[in-house]
Amino acid sequence: MAARSAGKEPLDPVRLNQLLCERVRKELQHQKLHTKFSVNPLQRVHTITKKPMSWHENTEEPADAEFLNLIHHAALEPTKKYSEPQTESQEIGWNTTPLIHLDRTDCRLYFPHQKTDITK
């Protein structure tokens, strides 16, 4: 490392200014300004109760309909959120409707618990 830096000449102020301008231009080119913030619907929201005796926290604020819809949609179960499974593990148990109607009089498919003298 010392051998490399020994052969280099020190940078003059004009070159340093060029390097700084180039760096600032590249940073501004890749920088995004985010002005709209919202809640991440994939994370659970934990509510914290307010202090009951504080008067400044008990003021009622108008409810934001878009925010409430987002929170309610995030709390839904996956079968109500999506029309089809999103992951491989969701495919197991996605369709919960029975394939055939349960007939309690058919002894081939219905096995109720039997009460005997031992199990009473």
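The first residue of the sequence shown is numbered 1, and numbering continues consecutively from there. Because the structure is predicted, anything quoted here is derived from the model rather than measured.
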Shortest non-hydrogen contact from [X] toward [Y]:
{"X": "Lys81", "Y": "His73", "value": "CE-O, 3.2 Å"}
{"X": "Tyr110", "Y": "Leu102", "value": "CD1-CD1, 4.4 Å"}
{"X": "Tyr82", "Y": "Trp94", "value": "O-CZ2, 3.6 Å"}
{"X": "Pro78", "Y": "Gln90", "value": "CB-NE2, 3.7 Å"}

More than 12 heavy atoms of other residues, nucleotides or ligands under 6.0 Å from [atom1] of [X]: yes or no?
{"X": "Glu77", "atom1": "CD", "result": "yes"}
{"X": "Arg25", "atom1": "CZ", "result": "yes"}
{"X": "Leu76", "atom1": "CG", "result": "yes"}

Measure the spacing between [atom1] of [X] and [atom2] of [Y] and express it to the nearest 0.5 Å.
{"X": "Gln18", "Y": "Asp12", "atom1": "CD", "atom2": "CG", "answer": "8.0 Å"}
{"X": "Leu28", "Y": "Lys26", "atom1": "CG", "atom2": "NZ", "answer": "13.0 Å"}
{"X": "Asn17", "Y": "Leu11", "atom1": "CG", "atom2": "CG", "answer": "12.0 Å"}

Legend entry - Side-chain (Gln31) to main-chain (Gln29) donor-acceptor, under 3.5 angstrom: no
Legend entry - Side chains of Glu91 and Glu88 in contact at under 4.5 Å (non-hydrogen atoms): yes
Inset, instruction - Could you tell me whether the side chain of Leu109 reaches within less than 4.5 Å of the side chain of Ile100, counting heavy atoms only? - result: yes
